[in-house]
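Okay, structure first, notes after.
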Amino acid sequence: MSEEKLFSLRNRWFTGAVGLTVAIAAVAALFGFVLLPSLQTGATFADTWDKICTAAGLVRPTTLVSPVIKPDFQTSEVIVTPQMMGPTDTVSIGRGATLALRCTMCHGARGLSEADSPNLAGQYETAVYKQLQDFKTGARTSAVMSPRVTDLSDQDMRDLAAYFAYLPRLPGYHPTGDVPAPRIVISGAPLRNIPPCAACHGAIEYKTGAAWLEGESPVYLKAQLEAFATGTRRNDISQQMRNIARNMTPAEIAAAAEYYSRQPAAAVSEAAGLK
Amino acid sequence: MINSEHEAQLNDAALEPILRTGARGAVVLAGIATAIVIGLWFAFYLFVFVPRAAP
Amino acid sequence: MLHNKKLILAHFWLAFGGFGFALLLGEWQMYIRSPLHAWLGNPELYYRSVTAHGTTMAYVLPTLVAMGFGYAITEAALKRPLIGRKWAWAGLGLVLAGTIVAIIPVSLGLASVLYTFYPPMVGNPFYYIGVVMVVVGSWIWVALTVINLHAWKRDNPGAPVPLAMYANTAGALLWAWTAVGAAIELLFQIIPAALGLTTTIDAGLARVFFSWTLHAIVYFWLFPAYIAYYTIVPRAIGGRLFSDPMARISFSLFLVVAMPIGVHHLFADPQVGAGFKFLHSAFTALVSLPTLLTVFTICASVEIAGRLRGGKGALGWLKVLPWDNPLMLAVAFSFVMLGFGGAGGLINMSYQLDSSIHNTQWVTGHFHLIFGGAIVIMYFAIAYDLWPHLTGRALTSFRLMRAQLWTWFVGMIVLTFPWHYVGILGMPRRMAFYDYTDPAMAGEAASVMMSVLGGAILVVSEILFFTVLIRGHRAPRVEAGEYRFSVATHEPHSVPAALNGFGLWVSLMLGLTIINYGFPIAHLMALRDTSVPVVRVGGAK
Amino acid sequence: MSETASPGIEKSEQVERRWATISIVIVSALVVMAAFAGIHQATMPQTRIETVDPRTLHIAGEFIESNLGSALEADGSVTVRAVGQQYSFTPQCIVVPTDTPVTFRATSADVVHGFLIEHSNINTMLVPGYVSSITTRFATPAEVYMPCHEFCGVGHEGMWARIKIIDKAAFQKLAADRRRLDCVAQ
């Protein structure tokens, strides 16, 4: 057999295949980049070149028709990302321990409250830091907390967060065979937009900014869920917690608060026993 | 190797008259199958897509 | 004559072993999210299972089948022992090691990101490293395929490459290039993030890279099935391959247009321009062309068998076909599922129609019907055909094989038809549970339960499949003879250079990649402010 | 190739060519139909690519909390802005009028989410870093679910919002009192 040259203009397979491919691409491109954008309702283009560039996917600036409505309340200004806190730093923990002396009255000597203030021992760094920031900006208000954070610097808050995160936390206490776990906590209610609590709060998966809830005071948990539900607490970014709480019934709120507060009697005193 | 017991029949002499029919059966069968496929496309277009499209 | 029987058998057994395990997970998933079971206490278990099921079914099973069957073709079609036997074992070892490395973090719940990765969610690095190892192992197979063909061509100048080997090499080359997209995504975006070297990732760009792989991978899965249609079925049922050149054209077309069309998975994405979406849509339509050609050629090949057996009339030849032959049954079932799956596929790729069902359960139904149905049933057929040559023992129970194929076909239809239907109703994908008590979803409950039943039938079929194979290992020894492929009505004495090699087709594939993907990728890479924070999965503390 | 072709072979090649031609016609027809459907039924993919920083959605720009929801524009059209996040859309109940051009503008604050209004052709992806935009009209009043249809983490199964399509006049009345509307029960 004679040597048939493939990549040659005299080879019909070569010219045919390349020609067809180029032709299809050209026709499709003409349709996609010029014709279809022209026929699209509601789109305006400066000229054909603008049409082609837009269809190609060049980034176009956002033009707003109506002005942005500003909020009539203070929203959280914290930028929450999984990388916001940086690596663990013993110096920071030490400074936090000193600063935390002023917190002991309500939050306990080792971050475990005996009143109905939240436990902070072992709390996620991001959660403590974000709440402190929100108290300072007024995104979250509290007669007790608000005046106490005004003089805290950003670094102070990071130190406090690092210290509390370093303390041992209360583990979940949900023995099987005991009272069954409420369905609202375990599975949520999908069509009411309630995911399982553990999907964000740490037992299954953790969403940055969410708090560790195990062993928390039932009074505190219930009050916060109710505050989210009624909208008196609004420092959750883009309503992520209000969306959930407002769809919970009062009975479900009570059940969830009770579930997370469950602790063996011994554990609390033992964990707090060092004071 | 799974083979039909009729494989032995394979010979070019038997093949020629079959080829002269021009794969009539295949045209009918593949034609019906393709028509069903295109029909399903149009059924989806008319009964799912169009009723949901913006007026 | 197959020289490396153990090598080929090892590929098939590993492939089917993984498949058997992943199928059980799949049926568990169907059951757990159906109205038959209470809501799962820990939804993460469901996503973990989906990750394991998808990774095994999409990456491990088809890759190992393509490799094992590919080695068999290389030896049987070229009629000489495989060059690079040790490398082949090394490739298999890498695939096996990669599977183990990937499946450990998945089973520990450290990488429940699903097999499509979904950055900016990022799981344990070993999951991704394992997947990369699987791909690299398969690239050894690609290299060996090309090397063996090259050596044969050198020794047989000008002779037509046997069709089976031509198709096998086309599949290998397609895989080599299409895997590059996901490999770039893994190596340059996800793995650095998983290792903590980077803290941000461009999710939009990652989706474009993944789409590069995501569609053509389906054609890579499909290649063994198509090779079986063309080169095994006509021989097994006593017919002739209707046309050798048309077969080569179909495989070449797959090579050119299977890959530069992946953006049709991104029709609804905000980071790709509408012009490129249309371009990819047009080329996606073109990829249905080789399938239409195949349907005709195979029908005509089967018709020859029917007429040789005395069949008359326009459709009368169908009745006299050797229906007791498992391969006849398999190809018929495969075509029916290919038809329905193909219709769904045409709808998905139609630029606009996609929006009615994009990312709903319809899509899951669609790819289960095409892959799990039309393609995997041919994997079974290939195994049945090849087994006696690998084990030296006969597979005697055609009845059991037919029962297996019937249950697989019926199970797949019962599984996927309701699945498509609930997709049209708007049921979203990949949720661990649904609230069927709500009036809006109550109508979906019966369909979902049907799918559970379909899955159960598939499990029965799986048991039958393993029964056939294992009994095959205990059957009396036979001399299986030479492993042959179909003979064409008109065997080519010489073929045009274009259809005897891949230079032209690979060039077109690369050229189209540049046209269809070059600008979107370059543009997204140039954007500076679109990298977003990495969200770690499995890092609960 | 076929130097010694028999009549049978010639006949088969002729049939084969015809089948290939018909196949090409079918494929072309589908492309044209799809393009036609897009133009005629006004369901083109979004024309413009816009970017946004998902970290600061809540601090500045059009996706701050008080600007989310449905806005009646001066030209009579409606713009709906929404944010997808693990594991809810905000607003979690969207209200839109019938017989009015409605543009949805949405983005994600964290991972990839899906945006699907059941029983409609409104179906898009939310990819962090980019703004998704889709314009449509609604014919009849209805209340349907709007689930996230892309795996977005454990909790994805709980990410369901709702959308209420109300009569145009009723919507206009609501819009007279509030500049951003939603149907979230307070």
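Quick caveat, the model's predicted, so the values are computed rather than measured. Every chain is numbered from 1, with letters handed out A, B, ... down the list of sequences.
For chain C, the nearby part of B:Ile18 is the side chain; its heavy atoms alone come within less than 4.5 Å. Heavy atoms of C:Leu292 lying under 4.5 Å from chain B belong exclusively to its side chain. Contact of C:Leu318 with chain B is made through the side chain alone, with heavy-atom distances under 4.5 Å. Looking at C:Met401, only its side chain comes within 4.5 Å of chain B, counting heavy atoms on both sides. Using a 4.5 Å cut-off between heavy atoms, B:Arg24 touches chain C through backbone and side chain atoms alike. Heavy atoms closer than 4.5 Å to chain B are found in the backbone of C:Glu482, but not in its side chain. Heavy atoms of B:Leu19 lying under 4.5 Å from chain C belong exclusively to its side chain. Interface remark: C:Phe335 contributes no atoms to any contact with chain B (heavy atom separation under 4.5 Å).
Annotation: maximal heavy-atom pairing with chain B below 4.5 Å, among C:Thr297, C:Leu386, C:Leu395, C:Leu315, occurs at C:Leu315. Note on B:Ala30, B:Gly25, B:Pro17: by heavy-atom pairs under 4.5 Å with chain C, the leading option is B:Gly25. Of the residues considered (C:Leu327, C:Asp385, C:Val295), C:Asp385 shows the highest number of contacts with chain B, using heavy-atom pairs under 4.5 Å. Looking only at heavy-atom pairs under 4.5 Å with chain C, the residue among B:Ala33, B:Ala23, B:Gly39, B:Gly31 that has the most is B:Ala23. Per-residue counts of heavy-atom pairs under 4.5 Å with chain B were compared for C:Pro326, C:Ala314, C:Ala300; the largest is that of C:Ala314.
The OG1 atom of C:Thr489 sits 10.0 Å away from atom CD of B:Glu16, with the distance rounded to the nearest 0.5 Å. With values rounded to the nearest 0.5 angstrom, B:Leu15 atom CG is found 6.5 Å from C:Leu308 atom CG.
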Pair B:Phe49, C:Ile347 - check side-chain contact (heavy atoms from CB on, under 4.5 Å), show working. CA-CA 10 Å; B:Phe49 177 74; C:Ile347 289 163; over 6 Å; no
Should B:Val37 and C:Phe340 be marked as a side-chain contact (heavy atoms from CB on, under 4.5 Å) after you check the CA-CA gap, both sets of side-chain angles, and the distance that decides it? CA-CA 7 Å; B:Val37 168; C:Phe340 286 113; over 6 Å; no
Determine whether B:Phe44 and C:Ser356 satisfy the following criterion, side-chain contact (heavy atoms from CB on, under 4.5 Å), listing intermediate values before the conclusion. CA-CA 9 Å; B:Phe44 186 92; C:Ser356 299; 3.8 Å; yes
Start with the C-alpha gap between B:Leu29 and C:Phe296, add the side-chain angles, then the distance that decides, and say whether side-chain contact (heavy atoms from CB on, under 4.5 Å) holds. CA-CA 8 Å; B:Leu29 183 64; C:Phe296 172 74; over 6 Å; no
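C:Arg471 CZ: 12 or fewer foreign heavy atoms inside a 6.0 Å radius. Open room surrounds OH on C:Tyr421; 12 or fewer heavy atoms of other groups in view lie less than 6.0 Å from it.
Contact of the B:Val27 side chain with the C:Glu303 side chain is not registered, since no non-hydrogen atoms from C-beta on lie closer than 4.5 Å.
Shown here for C:Trp317 and B:Ala26, the closest heavy-atom pair between the two residues is CZ2-N, 4.1 Å.
Qualifying ring-ring contact (aromatic ring centres under 6.0 Å, His included) partners for B:Phe47, counting only residues two or more places apart in sequence or in other chains: none. Applying the ring-ring contact (aromatic ring centres under 6.0 Å, His included) criterion to C:Tyr384, with sequence neighbours excluded, gives C:Phe465.
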